[in-house]
Q: 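The following block contains the structure, expressed as structure tokens.
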Amino acid sequence: MQRADQLIGQSFGDLARYAGVEVPTSMRHAKGWAGQLIELYLGATAGSKQQQDFPTLGVELKTIPVSPDAKPLETTYVCITPLLGLNGVTWQQSNVRNKLQQVLWIPVDGRREIPIAERTVGIPILWQPSPEEDQLLRQDWEEISEQIILGQVESLTARFGTALQLRPKAADGSRLTDAVGTHGELIKTRPRGYYLRKEFTQQILLQGLQQRLQAGLTF
DNA sequence: TATTGATCATCG
DNA sequence: CGATGATCAATA
């Protein structure tokens, strides 16, 4: 948290200069750039390991683009959605729950209308789901998982789910993976991922900020 | 114009 | 290939 607090107010221009990396003109071909730069500063292990960013702390790092009034501009990717082998898997054992046990949220200015170099880092929030939040996520996860098990993947759209939604997650639309079909047969479908809705993330950031303010601002 | 569905870059 | 980090952009 001390390391994260040191990033408050720093611009990506500054951070990139210290790191010796170029600032992209647009995120179009550099999606994930901001997140990886922050990973570097916080000492998170890079790579594509299916693990938390800080394994010994049990902390997952998430960089979230926000508007000037601190509202998330994007949904938050959680993890790949298993489409097979879900029988008997409980919420407690799920990938989603494990990922979200503890998250360090780093809000960053996500306004596309200003140059990336000028965008700054906001106040970090260390979050653990409350019983209510856990219940909300659990309900969505269980309903989505049930549909997947029943072979209804294709009818699950991003409109489903209160806090958690299912959306395609792949390099492009031609990528296919195995799933269960309507009649229990094996079918090919676009890989899916779990994402947190913006409204859910917004509440986390808001409550987290209020807590930090109550605790006294000692950055 | 907000959201869903699509996409980009990189790594092991 | 599927995981990581996410944002883009067509369209409802």
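We name chains A, B, ... by the order of the sequence lines, and we start the count at 1 in each one.
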Q: Taking the hydrophobic residues Ile, Leu, Val, Met, Phe, Trp and Tyr, and joining any pair whose side-chain heavy atoms are under 4.5 Å apart, which ones share a cluster with Ile80(A)?
A: Tyr77(A), Tyr195(A)
Q: Once you build an axis from the first five pairs and another from the last five of the helix from dT1(B)-dA12(C) to dG12(B)-dC1(C), how far apart in angle are they, to 10 degrees?
A: 30°
Q: Supply the atom-to-atom distance Ile106(A) CD1 to Leu37(A) CG, rounded to the nearest 0.5 angstrom.
A: 11.5 Å
Q: When all nucleic acid strands are considered with a 4.0 Å heavy-atom cut-off, which category describes Arg190(A): base, sugar-phosphate, or nothing?
A: sugar-phosphate
Q: Minimum heavy-atom separation for Asp134(A) and Arg97(A), please, with both atom names.
A: OD1-NE, 3.2 Å
Q: Within the 4.0 Å heavy-atom criterion, would you say Arg192(A) contacts the bases, only the backbone, or no part of the nucleic acid?
A: nothing
Q: Just the rounded figure in Å: distance from P of dA6(B) to CG of Leu166(A).
A: 12 Å
Q: Nearest heavy atom decides the nucleotide; on that basis, is Gln165(A) or Asp172(A) closer to the 5' end of DNA chain B?
A: Gln165(A)
Q: Tell me who clusters with Val180(A), hydrophobic residues only, linked when side chains sit under 4.5 Å apart either directly or through other members.
A: Leu84(A), Leu186(A)
Q: So Trp141(A) and Trp91(A), would you call those rings parallel, tilted or perpendicular, with 30° and 60° as cut-offs?
A: tilted
Q: Provide, to the nearest angstrom, the distance between the CG atom belonging to Leu84(A) and the C1' atom belonging to dG2(C).
A: 14 Å
Q: Which residues in residues 90-98 of chain A have at least one heavy atom lying under 4.0 Å from any atom of DNA chain C?
A: none
Q: Let me know the distance between CZ of Phe54(A) and C1' of dT4(C), rounded to the nearest Å.
A: 14 Å
Q: Whole angstroms only, please: what is the CD-C1' distance between Glu113(A) and dT1(B)?
A: 14 Å
Q: Just the rounded figure in Å: distance from C1' of dG2(C) to OH of Tyr194(A).
A: 17 Å
Q: Are Glu154(A) and Thr189(A) linked by a side-chain donor-acceptor pair shorter than 3.5 Å?
A: yes
Q: Nucleotide by nucleotide, 5' to 3', does protein get under 4.0 Å of the base (B), only the sugar-phosphate (S), or neither (-) in nucleotides 6-12 of chain C, counting heavy atoms?
A: BBBS---
Q: Taking NZ from Lys198(A) and P from dT1(B), how many angstroms apart are they, rounded to a whole number?
A: 13 Å
Q: Locate the shortest heavy-atom distance separating Leu104(A) from Ala4(A); write the atom from each residue and the value.
A: CD2-CB, 4.2 Å
Q: List the residues meeting side-chain hydrogen bond (donor to acceptor under 3.5 Å, both in side chains) with Glu199(A), not counting sequence neighbours, and say none if there are none.
A: none
Q: Any heavy-atom pair between the side chains of Asn95(A) and Tyr194(A) that's under 4.5 Å?
A: no
Q: Using every non-hydrogen atom in the two residues, find where Val153(A) and Ala179(A) come nearest and quote the distance to one decimal.
A: CG2-CB, 4.0 Å
Q: From CG of Asp53(A) over to P of dA3(C), roughly how many Å is that when rounded to an integer?
A: 16 Å
Q: Cluster question for you: counting only ILVMFWY and a side-chain heavy-atom cut-off of under 4.5 Å, with indirect links fine, are Leu15(A) and Met27(A) together?
A: yes
Q: Quick one: Leu176(A) CG to dG5(B) C1', roughly how many Å, whole number?
A: 15 Å
